[in-house]
Amino acid sequence: MAPVRIKICGVTTPADARHAAEAGADALGLNFYPKSPRFLTPTAAAAIVRDLPPFTATVGVFVGTPMRQACAVAFQLGLRAVQSYNDHPPSDDPFPFAHVPAFRVADATQLDAVRRFVVAARAAGRAPSAVLIDSFVAGHMGGTGHVAPWHLLAGFDPGVPVILAGGLTPENVADAVAAVRPWAVDVASGVESSPGVKDPDKVARFVRAVRDCH
Ligand SMILES: O=C(O)c1ccccc1N[C@@H]1O[C@H](COP(=O)(O)O)[C@@H](O)[C@H]1O
């Protein structure tokens, strides 16, 4: 099995970000959703990006932000990817970032919507680089700590890589990987000591748990 990639999402300080990178995270999420406890201004995000080792990817998390605006932030900060919520397949406006649309899934019909999104985006010449599947919690866009429906996701193949998110922790991520076989895993609250504050020990244990998956 190819190694499962790891994104630690919602880092809020240069020290938390650097530690996650040094612990072995492949990617770090920078959250630009103002209602999140992990929210960053572009200025705060720039300080984090500047301080990172050179080979760690950075992903901007945007909720309801027009793609053009999200891309402007991504361009300004040199981000690798844009993770977006509640949007339509991008139009033919080209941009040099990996696009990762995020879907909050409660049942199988929502997985059909994911497949349709990928087909429509591909037809428009803009297939996403991956899709992120999170749990559905009414009134919350993400970072909820609720586990996604792994049983629905086993064998789910939308035609692009699947990033599994939602309620992952150092304790359950190996079971999640065994059940879903995702291309990557993504965690925010499960490696924190309080909302927006990463716990270095939990981050290190999360990375080790994923690296130990076979
Ligand atoms: O983390 C947030 O606050 C957040 C807010 C709005 C949209 C997305 C957000 N985070 C994403 O949600 C997943 C799951 O979070 P958790 O691990 O269940 O706490 C996280 O990986 C981020 O990609």
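Since this is a predicted model, take the numbers as computed values, not measurements. Just follow the structure's listing: the first ligand is 1, and inside any ligand the first atom is 1.
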Sub-4.0 Å heavy-atom approach of [X] to ligand 1:
X	result
Y85	yes
K7	yes
G29	no
K35	no
G145	yes

Got an N/O contact under 3.5 Å between [X] and ligand 1?
X	answer
L132	no
L168	no
S36	yes
A165	no

Nearest 0.5 angstrom please: [X] [atom1] to [Y] [atom2], how far?
X	Y	atom1	atom2	answer
R5	I163	CZ	CD1	10.0 Å
L168	I6	CG	CD1	11.0 Å
E192	D16	CD	CG	8.5 Å
N31	F62	CG	CZ	9.0 Å
R211	F206	CZ	CZ	10.0 Å

For this session: Heavy atoms only: give me the nearest A21-L52 pair and the separation to one decimal.
Result: CB-CD2, 4.3 Å
Exercise. Closest heavy-atom contact between A25 and I8?
Worked result: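 Answer, listing the atom of A25 first, then I8: CB-CG1, 3.7 Å.
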For this session: Answer with yes or no after comparing the ring centroid distance for F103 and F117 against a 6.0 Å cut-off, counting only values under it.
Result: yes
Exercise. Passes side-chain contact (heavy atoms from CB on, under 4.5 Å), S189 versus R38? Steps please.
Worked result: CA-CA 10 Å; S189 58; R38 305 170 185 93; 3.5 Å; yes
For ligand 1, which atoms, with element, lie under 4.0 Å from some heavy atom of [X]?
X	result
G167	16 (P), 17 (O), 18 (O)
C9	21 (O), 22 (C), 23 (O)
D134	12 (O), 13 (C), 14 (C)
V187	17 (O), 21 (O)
G166	14 (C), 18 (O)

Exercise. Would you call R116 and D112 a salt bridge, using N to O less than 4.0 angstrom?
Worked result: no
Look at [atom] and say which protein heavy atom is nearest, naming residue and atom and giving the distance to 0.1 Å.
atom	value
atom 20 (C) of ligand 1	D186 OD1, 3.5 Å
atom 12 (O) of ligand 1	G143 N, 2.9 Å
atom 17 (O) of ligand 1	A188 N, 2.9 Å
atom 6 (C) of ligand 1	Y33 CD2, 3.4 Å
atom 1 (O) of ligand 1	R38 NH1, 3.0 Å

Exercise. Can you check whether V49 reaches L30 side chain to side chain, under 4.5 Å on heavy atoms?
Worked result: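 Side chain of V49 against side chain of L30, heavy atoms only: contact under 4.5 Å found.
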For this session: State, with a plain yes or no, whether a side-chain heavy atom of R104 is found less than 4.5 Å away from one of Q110.
Result: no
Problem set entry | Side chain, backbone, both or neither: Q83 near ligand 1, heavy atoms under 4.0 Å | side chain
Seminar exercise, completed: Short version for S189: what comes under 4.0 Å of ligand 1, heavy atoms counted, is both
Problem set entry | Options T169, N31, L164, ranked by nearest heavy atom to atom 5 (C) of ligand 1, top entry |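 Going through T169, N31, L164 one by one, N31 has the nearest heavy atom to atom 5 (C) of ligand 1.
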Problem set entry | More than 12 heavy atoms of other groups within 6.0 Å of R80 CZ | no
